[in-house]
J.: 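This structure is in C-alpha cells; I'll ask about it shortly.
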Amino acid sequence: MSAVGHPVRRCVGRSLLYLALVVITVTTVLPFVWMFFTSLHHKDAQLPTIDNLFTPEGGYHFGNYEYVLTFGELPVWRFAVNSCVVTCGVVVFQLTLCSLAAYGFARLRFRGRDAVFFVFLLTMMIPAQVLVVPLFAIVRNFGWLDTYWGLIIPYPYLSTAFGTFLLRQFFLTVPRSLDDAARLDGCGDLRIFWHVILPSAKPALATVGAFAFIWTWTDFYWPLLASSSTTMRTLEVGLSVFSDAYAGTMWALQMTAATIVLIPVLIFFLGMQRFFVRGIVQSGIKG
Amino acid sequence: MNTHQRTNWRGYAFIAPATIYLVIFSLLPIVFAGYMSLHRWHLLKPDKPFVGLANFQTLAADPFFRNAVFNSFVYAIASVPLGVVTSLAVALLVTRRLRGVGVFRTLFYIPGICSQVAISMVWIWILLPETGLINYCVGKVNGWIAGAGLADSGLIPTTTNFLQEPGWAMAALVAMSLWIGLGPRMIIFVAGLQNISEELYEAASLDGCTGAKSFWHITLPQLAPTTLFVTVTTTIAAFQLFTPVYMMTKGGPQRTTDVVLYHIYKEAWQKFELGMASAQSYVLFAMIVLIAAVQLWLMRGGLATEEAR
C-alpha cells in the first residue's frame with residue numbers, strides 16, 4: 001500500500017500508528033514486568049503497587065530465588081528435571097514419528113496412501129481435551145501412570161498429524177533430483193531419508209520441534225492427571241501447587257516461582273522465534 | 001509399474017509408527033470414550049455395569065451440566081468475535097511498512113507461548129480489588145476527575161473483586177483470552193495478509209479504490225479463508241478453556257464460570273465418575289464438531305458470494 005500524502009499528514013499518521021503499537025506493547029509486557037519486579041521485593045513485604053514496584057523498600061532483593069529453588073516441600077529442581085526429560089522425550093519421539101511418516105507420504109507410492117493421509121488430517125480435528133478421560137484409563141491399564149512413559153508417550157495435545165502434515169509439505173519442496181542422484185549411487189529409502197531429505201529439511205524440523213517444545217513445556221492438564229507423586233510433577237504442575245499453597249499471599253514468592261517457570265520458555269522462544277513464524281506461513285493456511 | 005510395486009511395502013513401513021501411534025492414542029480413545037460413556041464407570045469401583053444411554057439421559061436433565069454448556073457458549077460468543085477482530089486489527093497494524101515492526105510482532109506473540117499457570121497467577125493480581133492493576137488505574141482516573149473538579153473522588157468504585165463477582169469473572173476470563181490469543185492469531189493473519197498480491201491493490205488504486213474501500217473490497221475477501229481458519233480454531237479452543245478457570249475461579253462465583261471442560265474435570269477427578277465424564281466429553285466433542293461445521297457452512301456461503309461478485 002503506497003501512502004502518498006502530505007508530509008505532515010504522513011508524519012502524524014505514522015506517530016499515531018507507533019502510539020497504537022506502544023499501547024499494545026505496554027498491555028502485553030506490563031504484567032511480565034510487574035511479575036519480575038515483584039519477585040525482587042522482600043517475601044514478607046506488602047503487595048507492591050505501580051508506585052513502589054521499581055523502588056522496593058530496602059532495595060532489590062534476590063533472596064526469593066534462592067528461597068524458592070531450595071524450598072523444602074516442593075523440589076523445584078526435580079520439577080525442572082522432569083520438565084526437561086518430558087519435553088525432550090516428546091520432541092524426539094514426535095520428530096521421529098512425524099518425519100518417517102512424512103517421508104512415506106511425500107516420496108513413496110503405495111495403496112491407500114491418500115486415504116490414510118486424510119485420516120491423519122481428520123485426527124487434527126479431534127479436540128485433544130476430549131481424549132483425556134479415555135487416555136487416562138488406557139494409560140492406567142498400561143501401568144504408566146506416574147511414570148515418564150505416561151507423561152511422554154500418550155501426549156494427547158501434540159498432534160502427530162500436524163507435524164506429519166507440516167513436514168510432508170516441506171519434503172515435497174525438496175527437489176526429487178537429489179533423491180534420484182542418491183538412488184543411482186545405490187542408496188535405499190532409509191539412507192535417502194537420513195542423508196538427503198532430513199539434512200535439507202532442517203528448518204522444517206526446527207519448526208515442528210519448536211512447537212512441540214513449547215506445547216509440552218507449558219502443558220498443564222495432562223501432566224496434572226498423569227502424575228500424582230510430588231517427584232513426578234513438571235514445573236507447570238508444581239507451580240500450580242505452589243500457587244494454591246499461597247493463595248493470595250506471599251506475592252513476591254509466587255511471582256518468583258512464576259518467573260523461574262517462564263524464563264526458560266522466553267529464552268527458547270526468543271531464540272527460535274523465526275521458526276514459529278515460518279511454520280505458520282509454511283503450513284499453507286491459505287484455504 | 002515396477003518401481004511402484006517395489007516401493008510399496010516400504011511406504012507402509014515408513015508410515016507404520018505414526019499410524020499405529022495415532023490409532024492407539026487418538027482413534028482408540030475416541031471409541032473407548034464411547035464405550036465408557038455407556039457404563040457406570042467409577043474409577044475406584046471394580047464393578048462397571050452397562051447402563052445404556054442412562055448417562056446421557058441424566059446429563060440432559062442435569063441443570064448443572066446445562067449451566068456448564070451455557071457458560072461455554074457465553075465464553076465462546078464473547079471471546080471469539082472479539083478475539084478475531086482485535087487480532088486482525090493488530091495484524092493490519094504490524095504489516096504496515098514501519099521501522100521496527102518486527103520487534104512488535106515478537107513482543108505481541110509472547111503471552112501466547114507462556115505458561116498459562118504463571119499467566120493466571122499474574123492475572124489474579126491484575127484483577128485484585130484495590131491493589132490490582134485495573135482497580136489501581138480506576139483509582140488514578142478517579143483522582144484526575146476529582147483533580148479537574150468534575151466530580152468528587154471515588155466516582156467509580158475501586159473495590160470490585162472481579163473474580164468474585166458473577167458477570168465480572170466471566171468478563172475477566174474473556175479479557176485474558178484476548179490477551180493470550182492475540183499474538184498467535186495475529187501471526188496467522190499476517191501470513192494471510194502477506195499472501196495477498198500487491199498487484200491487486202495497485203490495479204484497484206488505478207480505479208480510485210484506496211484506504212478503507214480497498215480494505216472492504218480487496219483485503220477482507222482475499223483474507224476470507226484465513227479468517228475462517230482463525231475463527232474455527234479460536235472457537236474450538238474456546239470450548240476447551242480450562243487452565244485459567246482452574247487457577248483463577250474454580251468455576252465460581254455461583255458456577256458462572258463453570259465451563260464444560262472444567263465440569264468434566266470435576267466429574268472425572270473429584271467424583272471419579274469416568275463413565276459420566278466420558279458422556280460429557282462426547283457431548284462436548286459433538287458440540288465442537290457441530291459448531292465448526294456450521295461455521296464452515298456459513299462462511300462458505302460468504303466465500304461464494306464474494307467470488308460471484
J.: What residue in A:Thr259, A:Thr123, A:Thr164, A:Val139 has the most heavy-atom pairs under 4.5 Å with chain B?
T.: A:Thr123

J.: Between A:Gln273 and chain B, with a heavy-atom cut-off of 4.5 Å, which part of the residue counts as in contact: side chain, backbone, both or neither?
T.: side chain

J.: Heavy-atom distances under 4.5 Å only: say whether B:Ile126 touches chain A with side chain, backbone, both or neither.
T.: side chain

J.: Side chain, backbone, both or neither: which part of A:Val261 has a non-hydrogen atom closer than 4.5 Å to chain B?
T.: side chain

J.: Is it the side chain or the backbone of B:Ile113 that comes within 4.5 Å of chain A heavy atoms, both, or neither?
T.: both

J.: Less than 4.5 Å to any heavy atom of chain A: does that hold for the side chain of B:Met247, its backbone, both, or neither?
T.: side chain

J.: Which bit of B:Phe239 comes within less than 4.5 Å of chain A, counting heavy atoms only: side chain, backbone, both or neither?
T.: neither

J.: Quick one: what part of B:Leu274 sits under 4.5 Å from any heavy atom of chain A, side chain, backbone, both or neither?
T.: both

J.: Heavy-atom pairs under 4.5 Å with chain B are the metric here; pick the option from A:Val22, A:Leu239, A:Leu235 that has the most.
T.: A:Leu239

J.: If I measure from the heavy atoms of chain B, does A:Val237 come under 4.5 Å with its side chain, its backbone, both, or neither?
T.: neither

J.: Would you please test B:Trp179 and A:Phe32 for ring-ring contact (aromatic ring centres under 6.0 Å, His included) and show each step?
T.: CA-CA 12 Å; B:Trp179 188 77; A:Phe32 295 110; 5.6 Å; yes

J.: Would you say B:Lys250 has more than 12 foreign heavy atoms packed within less than 6.0 Å of its NZ?
T.: yes

J.: Which region of B:Leu133, side chain (C-beta onward) or backbone (N, CA, C, O), has a non-hydrogen atom less than 4.5 Å from a non-hydrogen atom of chain A, or is it both or neither?
T.: side chain

J.: Which heavy atom of B:Ser278 sits nearest a heavy atom of A:Val133, and at what distance?
T.: OG-CG1, 3.6 Å

J.: Less than 4.5 Å to any heavy atom of chain A: does that hold for the side chain of B:Val31, its backbone, both, or neither?
T.: neither

J.: Answer with side chain, backbone, both or neither: which region of B:Phe285 has an atom nearer than 4.5 Å to a non-hydrogen atom of chain A?
T.: both

J.: Please assess B:Ile110 against A:Val29 for the test side-chain contact (heavy atoms from CB on, under 4.5 Å), listing each intermediate value before the final yes or no.
T.: CA-CA 8 Å; B:Ile110 287 174; A:Val29 174; 5.9 Å; no

J.: Check whether B:Ala268 gets within reach of chain A through its side chain, its backbone, both or neither, counting any heavy atom under 4.5 Å.
T.: side chain

J.: What part of A:Arg107 gets closer than 4.5 Å to chain B, counting heavy atoms only: side chain, backbone, both or neither?
T.: neither

J.: Closest heavy-atom contact between A:Leu131 and B:Ser26?
T.: CD2-O, 3.6 Å

J.: Which bit of A:Val130 comes within less than 4.5 Å of chain B, counting heavy atoms only: side chain, backbone, both or neither?
T.: both

J.: Output the option from A:Leu17, A:Leu270, A:Leu190 having the highest count of non-hydrogen pairs under 4.5 Å with chain B.
T.: A:Leu17

J.: Which one, A:Leu262, A:Thr218, A:Thr28, leads in non-hydrogen pairs under 4.5 Å with chain B?
T.: A:Thr28

J.: Please report the closest heavy-atom contact between B:Val122 and A:Met255, naming both atoms and the distance.
T.: CG2-SD, 3.9 Å

J.: Take A:Phe105 and B:Phe14 through the test ring-ring contact (aromatic ring centres under 6.0 Å, His included) and record every step on the way to the result.
T.: CA-CA 8 Å; A:Phe105 287 124; B:Phe14 271 98; over 10 Å; no

J.: Establish, yes or no, whether a centroid distance under 6.0 Å links the rings of B:Trp125 and A:Trp251.
T.: no

J.: Nearest heavy-atom pair of A:Arg111 and B:Tyr12: which atoms, and what distance?
T.: O-OH, 2.7 Å

J.: So which part of B:Leu43 gets closer than 4.5 Å to some heavy atom of chain A, the side chain, the backbone, both or neither?
T.: both

J.: Any side-chain heavy-atom pair from B:Arg99 and A:Tyr18 closer than 4.5 angstrom?
T.: yes

J.: Answer with side chain, backbone, both or neither: which region of B:Phe108 has an atom nearer than 4.5 Å to a non-hydrogen atom of chain A?
T.: both

J.: Can you tell me which portion of A:Phe117 sits under 4.5 Å from chain B's heavy atoms? Options are side chain, backbone, both or neither.
T.: neither

